[in-house]
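Here the structure is laid out as structure tokens; the discussion comes afterwards.
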Amino acid sequence: MKIMNWTVLLAMCVVFFAAPLAGAAGTVKEYKNGDSASYWSIDTRFGVIFDGSIREIQCQECKQGYYGGGVLVGVDATYNWSEFQAGLSGTFGEVLFEGQRYNLGAMLGWRHDLADWLQFKTVGEVGVHALNNFIDDGMFQSVADNSDFAILPFIGARVGLDARVWPAAGLVLGVWGSGQVDLAKRQYNASLSGLFDSVNHETYEVGGHRLSVGVNLGFEF
């Protein structure tokens, strides 16, 4: 089952990012040679994540109201025109003791130049959120059936402030913050096998919200 889920996720990545990058390749010359108000941008995001996507319902030592912390990296491909922007985003996060988080989404937002070199932007996101290895199985335990994998729909919002640090090269450096909420919740019953062939049965609820902050480095062309 996990192999099928990862195949679907990889296919979505290819479809999501191949189309806008192909379009960008055909518009670079037009933007460089003219005074068009529209342009493409590619941003790489780095930051920290505070994750409330997992709730332990039935377990040996349940942690209620627990937020996991970790790091993330993301890539955005956006098309900008007038004061609007639309594009696609992908994010990978590693949450300490709670596995990996993957986001694929579409974005639509508004941007405004505060100065020639400074821009404020805000975007809304909708997409899918994949969670992998989200069960904290401890040092001497393992999930017997590899059932700790889930895909949920989500919506989110992000705000950012970008500075054009090298306008001639299109280099942009900025800061951002975001919040996301899953649109569904699911319960997972897991069997954890430990030392001496002991098995513990635990129940987890998957689906919640996440907060992230960080910096971004990108190019406009």
Side-chain angles (χ1 to χ4, degrees), residues 1-13 16 45-74 88-107 123-159 176-214:
M1 179 63 71
K2 272 195 175 185
I3 295 177
M4 181 180 298
N5 288 332
W6 284 118
T7 303
V8 172
L9 206 58
L10 179 61
M12 292 177 63
C13 288
F16 264 55
R45 292 177 285 112
F46 306 92
V48 294
I49 180 173
F50 304 94
D51 186 273
S53 302
I54 307 298
R55 189 166 71 93
E56 300 174 343
I57 299 176
Q58 180 181 354
C59 49
Q60 287 184 320
E61 297 179 0
C62 290
K63 300 184 289 289
Q64 299 296 331
Y66 174 76
Y67 277 81
V71 296
L72 64 82
V73 59
L88 305 170
S89 67
T91 304
F92 165 75
E94 180 75 29
V95 180
L96 188 63
F97 303 126
E98 291 190 5
Q100 299 80 41
R101 306 290 187 266
Y102 304 87
N103 287 346
L104 288 174
M107 305 182 301
V123 299
E125 297 179 272
V126 60
V128 292
H129 174 215
L131 305 88
N132 185 48
N133 296 327
F134 57 78
I135 295 178
D136 182 10
D137 48 14
M139 185 178 298
F140 301 108
Q141 290 184 316
S142 61
V143 181
D145 54 1
N146 290 325
S147 60
D148 52 343
F149 185 92
I151 298 180
L152 303 172
F154 80 89
I155 58 172
R158 191 194 314 165
V159 296
W176 58 270
S178 71
Q180 296 177 343
V181 178
D182 295 317
L183 298 177
K185 293 184 178 182
R186 296 178 184 172
Q187 286 191 6
Y188 283 79
N189 299 312
S191 299
L192 277 65
S193 57
L195 294 177
F196 310 110
D197 295 327
S198 61
V199 177
N200 297 320
H201 300 283
E202 300 184 352
T203 303
Y204 292 79
E205 183 179 75
V206 180
H209 59 278
R210 298 160 298 286
L211 301 173
S212 306
V213 294

Compare every heavy atom of Gly52 with every heavy atom of Arg210, then report the nearest pair and how far apart it is. CG-N, 4.5 Å

Just how far is it from atom CD of Glu98 to atom OH of Tyr67, taken to the nearest 0.5 Å? 11.5 Å

Nearest 0.5 angstrom please: Glu94 CD to Asp51 CG, how far? 11.0 Å

Between Ala184 and Leu152, the two heavy atoms sitting closest are O-CD1, 3.7 Å

Are side-chain heavy atoms of Leu131 and Arg101 found at a separation under 4.5 Å? yes

OG/Ser212 to CD/Gln180 distance, rounded to the nearest 0.5 angstrom? 6.5 Å

List the atom of Gly207, the atom of Lys185, and the distance in Å for their closest heavy-atom pair. O-CE, 3.6 Å

How close do Gly90 and Arg45 get, counting heavy atoms only, and between which atoms? O-NH2, 3.8 Å

Between atom CD1 of Ile57 and atom OH of Tyr188, what is the distance when rounded to the nearest 0.5 Å? 12.5 Å

Compare all side-chain heavy atoms of Asn103 with those of Leu72 and state whether any distance is below 4.5 angstrom. no

With a 4.5 Å limit on heavy-atom distance, are the side chains of Asn133 and Gln100 in contact? yes

One should read off an interatomic distance between Leu96 CG and Ile49 CD1, to the nearest 0.5 angstrom, of 12.5 Å

Output the distance between atom CZ (Arg55) and atom OG1 (Thr203), rounded to the nearest 0.5 Å. 11.0 Å

Beyond-backbone contact of Ile54 with Val206, side-chain heavy atoms, under 4.5 angstrom: yes

Any donor-acceptor pair under 3.5 Å linking the side-chain atoms of Glu205 with those of Gln187? no

What heavy-atom pair brings Phe149 and Phe134 nearest, and what distance separates the two atoms? N-CE2, 3.4 Å

Where Met107 and Ser89 come nearest, the two heavy atoms and their spacing: SD-CB, 3.8 Å

